[in-house]
2 protein chains.
Amino acid sequence: MVTIKDVAKATGVSPSTVSRVIADNPRISPDTKKKVRKAMKDLGYHPNVNARNLVAKSTKAIGVILPSSADKSLQNPFFPEVLRGIGSITHKMQYSMTLSSGDTEEEIFNEVERMVYGSYVDGVILLYSRVNDRITDFLIETNFPFVIVGKPYDNVSNITHVDNDNFKAGKDITSYLIEQGHERIAFIGGAKDLFVTVDREAGYEAAMREAGISENPAYKLHTEFLKSGGREAVEKLLSLDVKPTGVVVTDDLMSLGVLSTLEELGFHVPFDMSLVSFNNVYLSEITRPALTTVDVQIHQLGAQSAKALIELTLNKDEPAKRIIIPHQIVYRDSVSKIEK
Amino acid sequence: MVTIKDVAKATGVSPSTVSRVIADNPRISPDTKKKVRKAMKDLGYHPNVNARNLVAKSTKAIGVILPSSADKSLQNPFFPEVLRGIGSITHKMQYSMTLSSGDTEEEIFNEVERMVYGSYVDGVILLYSRVNDRITDFLIETNFPFVIVGKPYDNVSNITHVDNDNFKAGKDITSYLIEQGHERIAFIGGAKDLFVTVDREAGYEAAMREAGISENPAYKLHTEFLKSGGREAVEKLLSLDVKPTGVVVTDDLMSLGVLSTLEELGFHVPFDMSLVSFNNVYLSEITRPALTTVDVQIHQLGAQSAKALIELTLNKDEPAKRIIIPHQIVYRDSVSKIEK
DNA sequence: CTGTTAGCGCCTTCAT
DNA sequence: ATGAAGGCGCTAACAG
């Protein structure tokens, strides 16, 4: 391994001078800079991160914490996409990113502990938000820089987080359905303790209310995320005497399941049933019909969270922020107009 | 930050003793061990990785290199799943994993360079395999430990890699179609410079040959991975005078596109057309019909590669290995029997 | 069984 | 503008 000393020796200067050249210190003569740089290149010198981190007390690395992978939620294309978003920033800033790998909450907690106490990373991004989360609490207690993608379950104004306006997104997409003439609109969401679900549902309710459509509890269903593709939910809806004509589903991958079940039971989308969804991951354009869905800009969610985190690590008393990524409906073929 | 010295002072021993306690050195008296451990706990001591890495010349971290994300291939649920597989091992071995984040090949190359020269990681896993890959060449030249998930384009016997027997997988699944009475079987694969495609295709051909079915070039198609869901390929097949009765598609996500196009054009799977696929990612069970597909055990691909890599890093002259993960067909509803 | 010493590779005062 | 010296936190001989 080529060290700073080797370069120094080769150039006939002292190690500290080389160090200064690396840092591009202004009070090193252009001449020696050139010489040193050449030697570095010739010898194939590369700084050793660990040595550097040790004295700098910073790692230029951020930890990304995935939700516990008990369920299959990790197969949601959402994740690779946020990772790419995060990566786009870390790469540009020459940071590296470390992924959590635990399966259970306990395991993940231990990892985060290691990351924090062991100075593995300068900060972490939480890719989930759970009620009463030990990890969040721990991060707050230790005053370690972190940001949440999504909405914190608590301390909302003290935790930097990047999110969509899910209430509005839910309202917008529901309103669209209403504009298309639908009135009997159902809602299929994920677990009720997830803020995404709650907020999108509230948006759905608001749109219905504003349109003067009375609420129908039988139209509001919740299903374990990904559990057999929302089959039960769909069956329940279709067993109703007065069936809905449209459904709002809170996730594209879930929509795929809903779509399948619907068609399997003989209900053709969008003719017999309209369907709208959220996220706009790749598969929403290759399903049949292609899904009309809310583009939440997953990539941006990742990128902005990384950016905010890095700022936090650079300046510990940067105030907590709430960053809202705008959404946009992308219209495809899963909705039909109802003529009155 | 609590250091080893603090613990030493608090216990009245020397720093090296504390260090030995951490390493659980056998020739430290149980008594002092206990004392020291208590102090560590009381003070909240956690070893600093960077300091440790610096002297150990090992980082207990591995780098995972994703393919350049120019295309959307990263949205393939394949990736989260390998990551989980890798993570299951790194976690167990207390390793951490660093993800590449570059977009272009150039960017990724630079990252790998940093990882290698900067001692960021002890080894890397390549999640792709390209022809004439600079990164692979670089890793070989620098004699840096690495393993490939998939088949190396060159030096096959000198590079540790973990893969499926894609030839056999292709053959098995095609044979299954033949057993079900199909004779006009088409093949839709990804880019021809990917070994997965090539091998699975060779398997398909072998099965056809052995069954005495003459080859039909018009039945063999290649499509940009994920490009508009293989629409063109399907259209081409359906424009043929003698249409196939079955299709072998090399990836579940592609199958989703194929399926959609097929149905959209009025061909119902499996009645008008049978469809088999590869990978067995979650969505293959929620499509309609659910896909009969080859389970390639993605999780195992990841886990075994991590295991092999860690062995490599621990023992640099561990011989190169070729690890084949067995596959298995999972039968679902996308194939129908043809009575003669 | 435990302490002392040196050094991993780098950065940063403090001199000059 | 540059060098020398010390130290980041930890481990690994070498003593005893």
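In what follows, chains are A, B, ... by sequence order, proteins preceding strands, each numbered from 1.
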Distance under 4.0 Å to a non-hydrogen atom of chain B counts as contact; along DNA chain C, which nucleotides mark the start and end? dC1(C) to dG9(C)
Bounds of contact between DNA chain D and chain A, in 5' to 3' order, using a heavy-atom cut-off under 4.0 Å: dA1(D) to dG9(D)
For F109(A) and F138(A), I'd like to know if the aromatic rings sit close, meaning centre-to-centre distance below 6.0 Å. yes
Specify the residue among S19(A) and S16(B) whose closest nucleotide of DNA chain C lies further upstream toward the 5′ end. S16(B)
OH (Y128(B)) and CD1 (I148(B)) are apart, to the nearest 0.5 Å, by 7.5 Å
Value for CD1 (I135(B)) from OG (S100(B)), rounded to nearest 0.5 Å, stands at 8.0 Å
For the CG atom of D122(A) and the OG1 atom of T313(A), what is their distance to the nearest 0.5 Å? 5.5 Å
Straight-line distance of F146(A) CZ to I65(A) CD1, nearest 0.5 Å: 11.5 Å
Kindly determine whether D31(B) and K35(B) satisfy salt bridge (Lys or Arg N to Asp or Glu O under 4.0 Å), including the steps that lead there. CA-CA 6 Å; D31(B) 240 36; K35(B) 258 196 322 191; over 6 Å; no
Evaluate the side-chain proximity of M1(B) to N48(B): yes if any heavy-atom separation is below 4.5 Å, no if none is. yes
Answer with base, sugar-phosphate or nothing: what part of the nucleic acid does V18(B) contact at a heavy-atom distance below 4.0 Å? nothing
Taking any heavy-atom pair under 4.0 Å as a contact, classify L54(A): base, sugar-phosphate, or nothing. base
Whichever of P15(A) and P26(A) has the more 5' nearest nucleotide on DNA chain D, that residue is P26(A)
Nearest-0.5 Å distance, OG of residue S101(B) to CD of residue Q94(A): 10.0 Å
Of V55(B) and R27(A), the one whose closest nucleotide on DNA chain C sits nearer the 5' end is V55(B)
Need one value for G12(A): base, sugar-phosphate or nothing, where a base atom within 4.0 Å counts as base even if backbone is also close, heavy atoms only. sugar-phosphate
